[in-house]
Number of protein chains: 2
Amino acid sequence: MVVDKLRETELDRLFQAFADSTRRDIVRRVTVGEFSVSGLAALYAMSFAAVQKHVAVLERASLVTKEKRGREQIVRGDHDGLQKARRLLDEYEHIWRQRAARMADILAEG
Amino acid sequence: MVVDKLRETELDRLFQAFADSTRRDIVRRVTVGEFSVSGLAALYAMSFAAVQKHVAVLERASLVTKEKRGREQIVRGDHDGLQKARRLLDEYEHIWRQRAARMADILAEG
DNA sequence: CTTATCTACAACCATTTGGTTGTACAATAA
DNA sequence: TTATTGTACAACCAAATGGTTGTAGATAAG
């Protein structure tokens, strides 16, 4: 089978990135507006370094990008990761609907 | 704020459950057909107990259900978890589109 | 120049995760 | 009845995760 190992680890990272409420909140915020890493850090009851790590996780998952501006690092939402995650769940939804259709057919035949 | 702690841990579990390729594969399989836990275990290069744990993770995330049939435990796909995950990502997509629309407005004004 | 701010990164720690083996028990098959 | 099969669960282990503090380097402000 081999199932495309690269894409699999990409998806691992994506969903892992979503699996934390602080990171989900960061994604929402940086999609709406502009935040530096320290600007984000000010929002949560944890250290700067902890937030920095969360941002790094999101970056590896293509859910945010960072861009240096002066001494600050501006974090912005990246549509790429979100799209990929949605695509996978849509795939699952499709499989589900096919199954539902098959079951309807069986009932109609019966 | 308080952001509904219950729903947040629910989402933590959901995305954590998706963050493993074996578990994603199990979800696909049990959505299409019927599998016992040992039937699933036969598919992967890991112990029965490991697969059993994966199924437990999926069950806690409302992505599968188990039903006892004789001495077997039948695993089936559960649409509930999938729907919730999709709903969250759709929310994010919506936020993204609003942002895009805002940016278009600004360009139109300017 | 000196000080304050923003970031990066290492080292450390506790807990969780993803795997293992082993034991026990219920249900089926011989 | 006895053996086999399917499951559950505990105990254990290595690695990853989510947090901390501390140090150091750029950049901006006084």
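In what follows, every heavy atom counts, from backbone to side chain, and hydrogens, waters and symmetry copies are set aside. In what follows, chains are A, B, ... by sequence order, proteins preceding strands, each numbered from 1.
- Residue B/Ser21 comes nearest to A/Asp12 through the heavy atom pair N-OD1, 3.5 Å, listed as atom of the first residue, atom of the second, then distance.
- Considering only side-chain atoms of B/His54, the nucleotide from C/dG19, C/dA11, D/dT7 that sits closest is C/dG19.
- Here B/Ser47 lies in heavy-atom contact (under 4.0 Å) with a base.
- Listed here is the closest heavy atom pair of B/Ala41 and B/Val51: CA-CG2, 3.7 Å.
- Look at CZ on B/Phe48: it is 15 Å from C1' on D/dA10, rounded to the nearest Å.
- Whole-Å rounding puts the B/Asp12 CG to C/dT16 P distance at 13 Å.
- When each of C/dT28, D/dA28, D/dA8 is scored by its nearest atom to the side-chain atoms of B/Arg71, the top-ranked nucleotide is C/dT28.
- Between A/Gln52 and C/dA8, a side-chain N or O to OP1/OP2 separation shorter than 4.0 Å is present.
- Contact annotation for B/Arg23: backbone-only contact, meaning every heavy-atom pair under 4.0 Å involves sugar-phosphate atoms and none involves a base.
- Residue contacts for B/Lys68: at a heavy-atom cut-off of 4.0 Å it reaches no nucleic acid atom on any strand shown.
- Of the listed nucleotides (C/dA8, C/dG18, C/dG19), C/dG18 has the atom at the smallest distance from the side chain of B/Gln16.
- Within the 4.0 angstrom heavy-atom criterion, only backbone atoms of the sugar-phosphate kind lie near A/Ser36; the bases stay farther away.
- B/Ala49 comes within contact range of at least one nucleobase, with a heavy-atom separation under 4.0 Å.
- In this structure the side chain of B/Ile74 reaches within 4.5 angstrom of the side chain of B/Glu72, judged on heavy atoms.
- Rounding to whole angstrom units, CD of residue B/Glu67 and C1' of D/dG6 are separated by 16 Å.
- If you measure from atom CZ of A/Arg60 to atom C1' of D/dA16, you get 11 Å, rounded to the nearest angstrom.
- Remark: P of C/dC6 and CG of A/Leu40 are 13 Å apart, rounded to the nearest angstrom.
- The distance between atom CD1 of B/Ile74 and atom P of D/dA8, rounded to the nearest whole Å, is 11 Å.
- We find that B/Glu59 and B/Arg13 are not joined by a salt bridge, their nearest charged nitrogen and carboxylate oxygen being 4.0 Å or further apart.
- Contact annotation: the side chain of A/Trp96 never approaches that of B/Val32 to less than 4.5 Å [non-hydrogen atoms, C-beta and beyond].
- In this structure, A/Lys66 does not reach the C/dC6 phosphate: none of its side-chain N or O atoms is under 4.0 Å from OP1 or OP2.
- Salt-bridge formation is detected for the pair A/Asp25/A/Arg29: a Lys NZ or Arg NE/NH1/NH2 atom is positioned less than 4.0 Å from an Asp or Glu carboxylate oxygen.
- In the set D/dT20, D/dT7, C/dG19, the nucleotide with an atom closest to the side chain of B/Gln73 is D/dT7.
- If you find the closest nucleotide of DNA chain D to A/Gly70 and to B/Glu72, the one lying nearer the 5' end belongs to B/Glu72.
- At the phosphate of C/dT7, OP1 or OP2 sits under 4.0 Å from a side-chain N or O atom of A/Ser38.
- For the pair B/Leu58 CG and C/dG18 C1', the interatomic distance rounds to 13 Å; values are reported in whole Å.
- Between B/Glu59 atom CD and D/dA8 atom C1' the separation is 12 Å, expressed in whole Å.
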